[in-house]
Amino acid sequence: MVSERLMLMSEAASTRPVVTRFAPSPTGYLHIGGARTALFNWLYARGRGGKFLLRIEDTDRERSTPEATAAILRGLTWLGLDWDGEAVSQFEQRHRHADVAREMLARSAAYKCFSTQEEIEAFREAARAEGRSTLFQSPWRDADPATHPDGPYVIRMKAPREGETVIEDAVQGTVKFGNDQLDDMVCLRSDGTPTYMLAVVVDDHDMGVTHVIRGDDHLNNAARQTMVYRAMGWEVPVWAHIPLIHGPDGKKLSKRHGAVGLEEYQAMGYPAAGMRNYLTRLGWSHGDDEFFTSEQAKNWFDLSGIGRAPARLDFKKLENLSGQHIAAADDAALLHEIQAYLAAAAQPALTEAQVHGLLRAMYCLKDRAKIFPELIDKAYFILKQRPMEPDAQATKSLDPVSRGILSELTPRLQSASWERDGLEAVVAEVAGAHGLGLGKIAGPLRAALAGRTVSPSVFDMMLVLGRDETIARLDDAAGQP
RNA sequence: GGCCCGUUCGUCUAUCGGUUAGGACACCAGGUUUUCAACCUGGUAAGAGGGGUUCGACUCCCCUACGGGCUGCCA
């Protein structure tokens with residue numbers, strides 16, 4: 001079956017340049033599952049020199065909002081998924097959709113149905129009562145146009161009633177549907193607006209989409225959509241229906257899982273690269289590769305590597321990957337991302353002095369943080385100005401004896417050479433004079449320099465802080481009552 | 001109810017009929033260590049159940065169970 005999937009893909013890839021799309025409906029924030037769908041489409045197109053398009057499915061006028069559209073665009077931008085051209089509004093294509101519906105009418109691939117909602121409901125209830133299929137069978141399907149009343153109607157597709165419709169899916173394999181399971185779907189509503197089922201097909205065709213990669217909740221729809229493609233004589237795209245993402249408990253993702261919106265992850269301080277890596281790996285694999293860059297992902301990503309079972313969110317792994325990406329990131333890029341994080345988390349922006357300090361300290365900060373809040377926390381020693389105001393824990397290690405030792409350290413630091421080896425030697429010497437190990441003196445030293453018990457290495461802090469600031473902080477601590 | 005999809009360690013996954021079923025995260029134990037993070041060593045841990053097919057099934061087929069999706073003039 002796998003080789004079958006591979007064949008399917010290479011066939012399409014060789015005939016047309018790849019065009020994928022992400023088509024969210026703007027009825028809320030960008031869902032984490034949607035973000036992964038977008039990511040897969042982006043990866044597939046970008047890895048093949050193709051195009052990645054964006055289409056806002058805003059035909060539901062009741063629920064669509066410009067705010068939601070903006071949030072989705074923000075989310076994609078944060079994740080680093082750039083799209084080609086302008087985002088297309090599906091609503092704006094409504095006249096084109098209606099034209100296609102009428103074209104289907106002209107081709108006898110569709111018909112006018114004058115049944116009212118009440119009639120349809122009555123039909124379904126009767127069907128249910130008799131144990132028959134509740135799929136609506138319109139009495140107008142083969143009616144003589146001469147008998148058409150002068151009332152509102154919908155345009156329904158004239159779907160074949162016998163035989164089967166086969167979907168060749170790059171992820172799910174060959175999926176067959178009995179045509180008796182598919183009803184005559186409505187293409188154009190009685191108010192003249194198109195339904196989603198028609199609009200997607202028309203838009204995907206018009207946009208030249210070659211590969212439709214989307215959630216497997218659309219697998220059934222693919223069958224009916226295939227009928228529209230056939231009715232219009234259009235080339236059917238390669239389908240790839242990917243499994244949905246579930247919460248840590250294995251249930252469908254919902255608000256009670258806490259973080260479902262992509263932007264919440266930015267606000268929690270996950271780096272975009274870590275997020276991309278994690279999401280790419282969720283439901284897709286390239287052998288045993290776990291940590292990789294987006295460049296590698298683009299080169300490796302393939303529809304055949306997508307799994308068929310729904311995956312659960314695992315925050316621990318997300319954190320681990322995020323930490324690796326923070327450690328591997330370029331300092332300047334990291335700084336920018338941290339500033340964006342602070343804004344997203346509604347925290348005060350960094351002052352110029354803090355920016356410079358953070359940049360100098362970055363080397364000893366980035367390999368000990370998994371997410372940005374942790375990095376910021378450990379950067380406290382450089383972000384905070386004197387006096388350090390040690391917290392309760394730090395205060396404990398600044399007992400009178402320790403403060404005495406610190407004051408002995410100060411004059412020696414005055415003359416020490418300010419590089420790592422020299423500092424280590426001085427501190428070791430003073431500790432040795434009291435018959436203490438480095439561990440005993442590092443505690444108070446850390447408390448004096450950082451005001452905290454968690455920080456980078458004391459020597460790194462001294463190096464970053466410089467001689468004057470280091471000594472000033474030691475004096476502050478030694479002078480504490 | 002009908003149709004469709006799925007099911008390998010706790011989690012993400014590798015495996016394209018022949019492996020002591022591998023890796024990663026998490027977890028446990030030990031080591032290293034100036035805190036945290038990291039690092040090193042070792043360890044626990046998996047093919048939903050039942051039938052076939054086959055010399056041989058995690059891999060192919062069927063049934064059952066469980067989970068999910070669809071079944072709208074929502075998308």
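In what follows, chains are A, B, ... by sequence order, proteins preceding strands, each numbered from 1.
By the side chain to side chain contact (heavy atoms under 4.5 Å, CB included) test, A:Arg128 is found to be paired with A:Glu121, A:Arg124, A:Glu125, A:Thr134, residues two or more places apart in sequence or in another chain being considered. Judged as a salt bridge (Lys or Arg N to Asp or Glu O under 4.0 Å), and not counting sequence neighbours, A:Asp314 has no contacts. With sequence neighbours left out, the side chain to side chain contact (heavy atoms under 4.5 Å, CB included) criterion links A:Ala231 to A:Met104, A:Ala109. The side chain to side chain contact (heavy atoms under 4.5 Å, CB included) test applied to A:Asn299 returns no partner, not counting sequence neighbours. Listed by chain and number, the residues in a side chain to side chain contact (heavy atoms under 4.5 Å, CB included) with A:Leu335 are A:Gln339, A:Leu350, A:Val355, A:Leu358, A:Leu359, A:Met362 (sequence neighbours excluded).
For the OP1/OP2 pair of B:A75 and a distance below 4.0 Å, the side-chain nitrogens and oxygens of A:Arg189 include at least one atom meeting the criterion.
Nucleotide B:G69 holds its C1' atom 8 Å from the CG atom of A:Leu244, rounded to whole Å.
Among the atoms of the strands shown, none is found under 4.0 Å from any heavy atom of A:Arg132.
A:Gln181 contributes no side-chain N or O that forms a donor-acceptor pair with the base of B:G2 under 3.5 Å.
Screening residues 418-434 of chain A for salt bridge (Lys or Arg N to Asp or Glu O under 4.0 Å) gives A:Arg412-A:Glu429, A:Arg420-A:Glu424, A:Arg420-A:Asp460 as the qualifying pairs, with residues at least two apart or on separate chains. Among pairs with a residue in residues 316-330 of chain A, those fulfilling salt bridge (Lys or Arg N to Asp or Glu O under 4.0 Å) read A:Glu290-A:Lys317, at least two apart in sequence or across chains.
There is no side-chain donor-acceptor pair under 3.5 Å between A:Asp184 and A:Ser138.
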Requested in this report: Any chance you could list the contact pattern along nucleotides 28-41 of chain B? Use B for base contacts, S for sugar-phosphate-only contacts and - for none, protein heavy atoms under 4.0 Å, 5' to 3'.
Outcome: ------BBBBS---
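Of the residues in residues 60-71 of chain A, those placing a heavy atom less than 4.0 Å from an atom of RNA chain B are A:Asp60, A:Arg63, in numerical order.
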